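If you're wondering where the values come from, they're calculated on a predicted model, not measured in any experiment. When a residue number appears, it is its place in the shown sequence, counting from 1.
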Amino acid sequence: MISDTGDSVLGGAGGDSTVLLDALMAGGARRALVPVVDPTIAKLVGGAPVGAVVTVEIGGRVAGMHESVTVTGTLQSFGSYVLTLDDGLVGQHVDLGATAVIVAPVGVVVVTQRPGVGGVYPEFYRQLGIDPSTFAMVVVKTASNFQHFAPIATDVVRADTPGPTQSDIAGLRWTRIPRPMFPLDALDGWRAAR
């Protein structure tokens with residue numbers, strides 16, 4: 001399991017980062033399962049029938065912090081998707097909007113119109129007919145919610161990716177913030193002596 005720490009949808013990020021998808025494609029990964037949010041997915045897929053080969057430029061359209069990447073693959077499914085969670089959140093429904101499942105050389109890319117749960121729950125994939133335990137790696141859009149994959153994950157890799165929820169807050173583009181602000185600025189004597 002690879003944690004996309006900078007794009008944690010449960011922390012308020014948009015789920016549209018393509019950093020890990022781009023790196024996996026560039027590195028020749030073949031059995032990855034990757035979620036990406038793109039509000040324009042319905043338009044991008046157009047009227048392509050299931051089974052068609054599609055080329056789509058996805059991601060990078062929510063937070064304005066990432067570039068879109070081009071994915072070519074077979075459209076395995078497309079339609080509206082409402083996830084039902086029953087693992088302690090009985091009755092919770094998450095409307096992910098238009099959702100495309102694309103089988104590409106990198107593996108399977110699931111593109112949703114809305115952020116929802118960022119692939120944090122295995123059930124997110126199972127309800128789409130995908131068994132996450134059959135993949136070599138699964139990207140999750142969270143910095144800390146790994147417990148749901150514990151039964152099937154052999155290892156957890158926390159990727160220090162850029163994005164709204166990145167660990168290095170000094171690396172964010174701050175435009176409206178009162179200065180000085182700790183920890184972005186050094187504040188001598190800000191803490192009372194003990």
Side-chain angles (χ1 to χ4, degrees), residues 1-21 24-25 29 31-42 44-45 50 54 56 58-63 66 69 71 73-104 106-159 161 163-165:
M1 186 172 80
I2 304 173
S3 163
D4 191 346
T5 61
D7 198 27
S8 177
V9 298
L10 301 178
D16 66 327
S17 172
T18 55
V19 171
L20 291 177
L21 175 59
L24 291 169
M25 290 189 308
R31 291 179 42 232
L33 181 55
V34 185
V36 176
V37 172
D38 193 310
T40 66
I41 189 59
L44 295 174
V45 171
V50 169
V54 295
V56 291
I58 58 171
R61 292 187 173 90
V62 179
H66 304 98
V69 298
V71 173
T74 303
L75 185 62
Q76 181 174 308
S77 67
F78 178 73
S80 294
Y81 178 34
V82 176
L83 169 66
T84 301
L85 296 174
D86 60 3
D87 60 343
L89 300 171
V90 178
Q92 182 173 349
H93 303 286
V94 181
D95 185 356
L96 296 165
T99 300
V101 176
I102 302 169
V103 179
V106 71
V108 173
V109 181
V110 178
V111 187
T112 60
Q113 180 182 1
R114 299 186 188 101
V117 297
V120 172
Y121 296 89
E123 195 59 26
F124 167 79
Y125 297 109
R126 291 184 185 126
Q127 289 180 26
L128 287 168
I130 301 166
D131 181 357
S133 69
T134 63
F135 290 82
M137 63 196 84
V138 178
V139 171
V140 290
K141 301 287 189 165
T142 183
S144 61
N145 294 85
F146 310 132
Q147 68 273 22
H148 306 291
F149 270 89
I152 61 175
T154 56
D155 201 4
V156 175
V157 175
R158 293 187 82 234
T161 55
T165 56

Compare every heavy atom of [Y] with every heavy atom of [X], then report the nearest pair and how far apart it is.
| X | Y | value |
| --- | --- | --- |
| G11 | T165 | O-CG2, 3.7 Å |
| G118 | P35 | O-CG, 3.7 Å |
| V9 | G116 | CG2-O, 3.9 Å |
| A100 | L75 | CB-CD1, 4.0 Å |
| A159 | L20 | CB-CD2, 3.9 Å |
| R158 | A143 | NH2-O, 2.7 Å |

Contacts of type side chain to side chain donor-acceptor pair (under 3.5 Å), residue [X], not counting sequence neighbours:
| X | result |
| --- | --- |
| S3 | none |
| S133 | D131 |
| T40 | D38 |
| T142 | N145 |

[X]: what forms a side chain to side chain contact (heavy atoms under 4.5 Å, CB included) with it, not counting sequence neighbours?
| X | value |
| --- | --- |
| T99 | Y81, L96, V110, T112, L128 |
| V62 | D16, V37, P39 |
| A136 | R31 |
| A98 | I41, A42, F78, Q113 |

Checklist entry - After noting the C-alpha distance and the side-chain angles of I130 and F135, does the key distance pass the side chain to side chain contact (heavy atoms under 4.5 Å, CB included) rule? => result CA-CA 10 Å; I130 301 166; F135 290 82; 3.6 Å; yes
[atom2] on [Y] to [atom1] on [X], rounded to 0.5 Å:
| X | Y | atom1 | atom2 | answer |
| --- | --- | --- | --- | --- |
| T134 | Y125 | OG1 | OH | 11.5 Å |
| L21 | I58 | CG | CD1 | 5.5 Å |
| F124 | H148 | CZ | NE2 | 13.5 Å |
| Q127 | L83 | CD | CG | 5.0 Å |
| I102 | T74 | CD1 | OG1 | 9.5 Å |
| K141 | I2 | NZ | CD1 | 11.0 Å |

Next on the checklist: Does anything in residues 107-119 form a salt bridge (Lys or Arg N to Asp or Glu O under 4.0 Å)? List the pairs, not counting sequence neighbours.
Outcome noted: D95-R114
Checklist entry - Considering only heavy atoms from C-beta outward, does the side chain of V111 approach that of V56 to under 4.5 Å? => result no
Item to check | Trace of the side chain to side chain contact (heavy atoms under 4.5 Å, CB included) decision for L24 with V139 | outcome: CA-CA 10 Å; L24 291 169; V139 171; 4.0 Å; yes
Next on the checklist: The test is side chain to side chain contact (heavy atoms under 4.5 Å, CB included); show your working for V34 and V106 and say whether it passes.
Outcome noted: CA-CA 9 Å; V34 185; V106 71; 5.5 Å; no
